[in-house]
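There's a structure below that I have some questions on.
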Amino acid sequence: MIRKLLLTFGLMASVMVLKAQDNSGPDAVAIRYIANNHLWPLSSVKGLNTNDFRGGLEFEFFERLSNTFDVSFPIRLAAANFSNTGDRSKLVKGSVLGLNALLNLNIYKGKVFRPRLYTGVGGALLSNKDLTLDIPFGLGLDFHLGGATTLTTTFAYHYNDLDYRDHLKAGIGFLIGLGEDTPPPPKVTDRDGDGILDTEDLCPDVPGIAALNGCPDKDGDGITDASDDCPDVAGIAKFNGCPDTDGDGLIDSKDKCPNEAGPVDNEGCPVRDRDGDGVSDEADACPDQPGTAANKGCPEKSLVVTAKDKITGEVIPGVSVTLLDASGKVVATGMTNDAGVAQFANVQPGTYSIAGKILDVDLQGAQLSPADFNTNSISKTIIYDDPNFIVQGKVFYCNSPRALPTVTLKLKGVKRNFLKSTISDDQGRYIFYLETKDVYELYAQKESFLSQVVEINPADYNRSTSVFVRLEVCAEEVRCGEAVRLNNILYDSGKSNIRPDAYPDLNKVVQFLRDNPDAKIELSSHTDSRGTASSNLTLSQNRAKSAADYIIGQGIDRARVTGKGYGETQLLNNCADGVKCTDAEHQLNRRTEFKVICPNKD
């Protein structure tokens with residue numbers, strides 16, 4: 001009885017909705033070919049069989065409520081195979097006549113793709129005798145083809161109040177629009193109340209000003225707060241809204257002298273005058289010698305020679321400069337300083353030639369005539385006109401800012417038989433001439449020191465940008481019996497073969513053995529406590545042997561290299577078997593080390 005009442009109520013609701021529509025007719029109509037399957041929901045049926053579908057036609061009328069919701073009224077007539085008992089073997093062939101009132105939820109209304117969900121209520125008449133309540137739950141996938149035509153597809157599950165009448169329904173057809181599908185005009189709002197409509201407001205949720213399209217500018221510098229690095233202090237656009245009070249090109253927050261203009265490389269403070277000659281150090285070619293402003297801060301009649309690179313215009317320090325008279329006799333010699341300048345004081349008027357050399361490379365010289373002495377300032381430039389690089393750098397103790405003085409630096413060609421060496425000065429500085437036709441290895445050589453080996457490929461540098469390749473090299477002292485950890489010798493999990501990323505550290509050891517021909521070493525491999533002790537010992541022994549074999553393969557006598565695996569027997573912390581540790585704590589124990597074997601004093 002309750003089911004029949006529900007059915008009656010659903011049908012009445014459908015009629016009332018139909019009656020509630022205005023007299024302008026439906027907004028769209030659809031016609032579809034449909035297929036019903038009354039057998040799939042039965043427990044006796046396993047799987048979805050296309051042979052169980054029976055065809056028919058469906059007509060549907062649509063009325064638009066809003067962009068989001070539509071109501072529609074489909075009526076369908078289709079053939080049907082169903083069972084009155086739930087037994088698939090006892091099929092009844094008949095027909096189904098259905099009428100529903102549906103509410104459609106438009107998920108997305110694109111130019112082409114228009115999906116929707118729908119449900120509703122209605123009735124279904126099976127074979128002109130069984131009238132049932134019918135409640136569909138469906139998905140519609142519509143594709144707008146242009147104009148008033150849309151390809152429409154539907155997929156629905158229909159619940160019926162009579163046993164064994166639930167069914168699936170799928171359909172495909174065309175939907176024809178009968179009126180203009182014009183969306184309602186958008187609401188014009190001003191959410192932040194700044195008098196600028198949201199459609200024209202770039203910052204619709206924050207009150208702003210019209211000059212900045214509705215965005216705020218608290219400090220009034222004409223830069224929106226969102227783009228202003230200093231939104232509470234008026235600044236300039238060049239510095240993203242931050243101030244530069246003294247106009248020296250450095251924002252106040254980074255300017256140690258914000259009210260006094262100074263160069264950026266002096267942290268915004270005025271350049272001082274070390275020699276007290278009234279010429280700022282910035283403009284003084286001789287900052288440590290009192291001179292005159294007319295002579296760029298150098299003493300009267302002094303000669304200032306600047307060495308520069310022809311390609312980049314960079315100044316070149318460390319150039320040997322020679323001043324020769326007209327007969328070719330050497331009058332004076334000097335060395336360009338860090339500013340690329342060599343100074344010669346009290347040069348007598350006359351004819352001179354100026355020569356320069358660095359690393360056996362001659363620079364283009366300059367000439368000095370008596371006429372040059374008619375001015376208070378005598379400046380000449382000599383030119384480094386060579387396509388190759390100059391390597392400059394320092395050598396340090398590893399993991400320390402302390403320079404390593406008087407150590408031999410070697411530059412070795414990888415592709416050809418080439419080797420040059422130099423010695424670092426008392427500040428650890430060194431310099432090399434670098435030809436572009438090879439790849440090089442650079443390392444320090446000092447007894448009982450392990451050096452970093454740096455590969456230099458001139459192809460990685462741009463000669464048109466700089467003549468210099470600046471590199472730092474570090475070396476660490478190795479004492480016999482003390483283990484040195486090789487941090488970059490890593491292995492794939494459970495494997496012992498040497499990976500290419502381990503070569504640089506192993507090459508350091510190779511070079512150490514070449515530089516110390518009497519030294520013998522032990523390469524040791526260690527694991528963490530995870531895994532069995534025996535498997536860890538075997539794995540570490542294989543890894544130690546692989547590392548030793550690599551070094552022997554580089555030409556080192558086998559008698560000088562021993563590989564030994566310690567497994568988990570020499571842990572650096574308390575992460576033994578049964579102790580819960582983090583991955584980082586276990587990582588500390590997984591390592592490869594080497595140590596110099598102390599000579600037997602007996």
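If you read the sequence from its start, that first residue is 1, and numbering goes on from there.
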- prompt: Hey, is CD on E267 packed in by over 12 heavy atoms from elsewhere, all under 6.0 Å?
  reply: no
Any donor and acceptor pair, going by atom type alone, linking the side chain of E441 with main-chain N or O of E455 inside 3.5 Å? no
* **Derivation and outcome, salt bridge (charged side-chain N to carboxylate O under 4.0 Å, His left out), residues K415 and D438** => CA-CA 6 Å; K415 299 179 181 178; D438 203 350; 5.4 Å; no
Next item on the list: Kindly indicate whether the side chain of K169, heavy atoms from C-beta on, has any atom under 4.5 Å from the side chain of T154.
Entry: yes
So do the side chains of N589 and N573 get within less than 4.5 Å of each other, counting heavy atoms only? yes
D142 meets the salt bridge (charged side-chain N to carboxylate O under 4.0 Å, His left out) criterion, sequence neighbours left out, with R116
For N497 and Y550, does a side-chain donor sit closer than 3.5 Å to a side-chain acceptor? no
Check your understanding: Could R64 and D27 be called an ion pair, given the rule that one side-chain N must be under 4.0 Å from one carboxylate O?
Key -> no
* Asked: Does a side-chain heavy-atom distance below 4.5 Å link R463 with I311?
  -> yes
Those residues at least two apart in sequence (or on a different chain) that pass salt bridge (charged side-chain N to carboxylate O under 4.0 Å, His left out) with D460 are none
**Asked** Given D248 and D255, is the side-chain contact (heavy atoms from CB on, under 4.5 Å) satisfied, shown in steps?
**Response** CA-CA 9 Å; D248 59 4; D255 196 331; 2.8 Å; yes
Whether the T312 and D309 side chains hold a donor-acceptor pair (N or O, under 3.5 Å, no angle test) is what I'd like checked.
yes
Note to self: For R54 and N36: C-alpha separation, side-chain torsions, deciding distance, then whether side chain to side chain donor-acceptor pair (under 3.5 Å) applies.
What the structure shows: CA-CA 5 Å; R54 300 298 303 276; N36 294 307; over 6 Å; no
Residue pairs meeting ring-ring contact (aromatic ring centres under 6.0 Å, His included), one or both in residues 82-137, sequence neighbours left out, come to F113-F143
Query raised in the report: Between the main-chain N or O of L539 and the side-chain N or O of R543, is there a donor-acceptor pair closer than 3.5 Å?
Result: no
Polar side chain donor-acceptor pair, N536 to R530, under 3.5 angstrom: no
Stepwise side-chain contact (heavy atoms from CB on, under 4.5 Å) test for D228 and C230
CA-CA 5 Å; D228 197 329; C230 304; 4.0 Å; yes
- Could you walk me through whether F468 and Y461 pass the ring pair (Phe, Tyr, Trp, His ring centres under 6.0 Å) test, one step at a time? CA-CA 9 Å; F468 298 108; Y461 300 89; over 10 Å; no
Next item on the list: Go through the side-chain N and O atoms of E568 and T527 and say whether any donor and acceptor fall under 3.5 Å apart.
Entry: no
* Asked: Is there a donor-acceptor pair under 3.5 Å between the side chain of D244 and the backbone N or O of G249?
  -> yes
Compare all side-chain heavy atoms of P458 with those of F389 and state whether any distance is below 4.5 angstrom. yes
| field | Heavy-atom check, side chain of R76 versus side chain of N100, under 4.5 Å | value | yes
Side-chain contact, heavy-atom cut-off 4.5 Å: L197 with T189? no
Q) Are side-chain heavy atoms of L168 and F155 found at a separation under 4.5 Å? A) no
- Under 3.5 Å side-chain donor-acceptor pair for T68 and N106: no
Checklist entry - Any side-chain donor-acceptor pair under 3.5 Å between Q541 and S525? => result no
- Taking side chain as C-beta onward, heavy atoms only, is T152 less than 4.5 Å from R32? yes
**Asked** After noting the C-alpha distance and the side-chain angles of F239 and D229, does the key distance pass the side-chain contact (heavy atoms from CB on, under 4.5 Å) rule?
**Response** CA-CA 8 Å; F239 296 119; D229 290 344; over 6 Å; no
Looking only at heavy atoms, the pair that brings I135 and G120 closest together is CG2-O, 3.3 Å
Correct closest heavy-atom pair for A124 and N160 would be CB-OD1, 3.9 Å
*Report the C-alpha distance between L65 and L103 in whole Å, list the side-chain angles of each, state the deciding distance to 0.1 Å, and finish with yes or no for side-chain contact (heavy atoms from CB on, under 4.5 Å).*
CA-CA 10 Å; L65 299 180; L103 180 64; 4.3 Å; yes
Heavy-atom closest pair (N388 atom, E435 atom, distance to 0.1 Å) is OD1-CA, 3.4 Å
Salt bridge (charged side-chain N to carboxylate O under 4.0 Å, His left out) filter on D190, not counting sequence neighbours, yields none
### Whether over 12 other heavy atoms sit under 6.0 Å from N462 CG
yes
**Asked** Does a donor on one side chain and an acceptor on the other come within less than 3.5 Å for D134 and H158?
**Response** yes
Verify whether one side chain among S535 and T532 offers a donor that lies under 3.5 Å from an acceptor in the other.
yes
Taken in chain and number order and not counting sequence neighbours, the residues that satisfy salt bridge (charged side-chain N to carboxylate O under 4.0 Å, His left out) with R485 are none
The complete set of salt bridge (charged side-chain N to carboxylate O under 4.0 Å, His left out) pairs with one or both residues in residues 195-218, sequence neighbours excluded, reads R191-D198, R191-D205, K218-D232
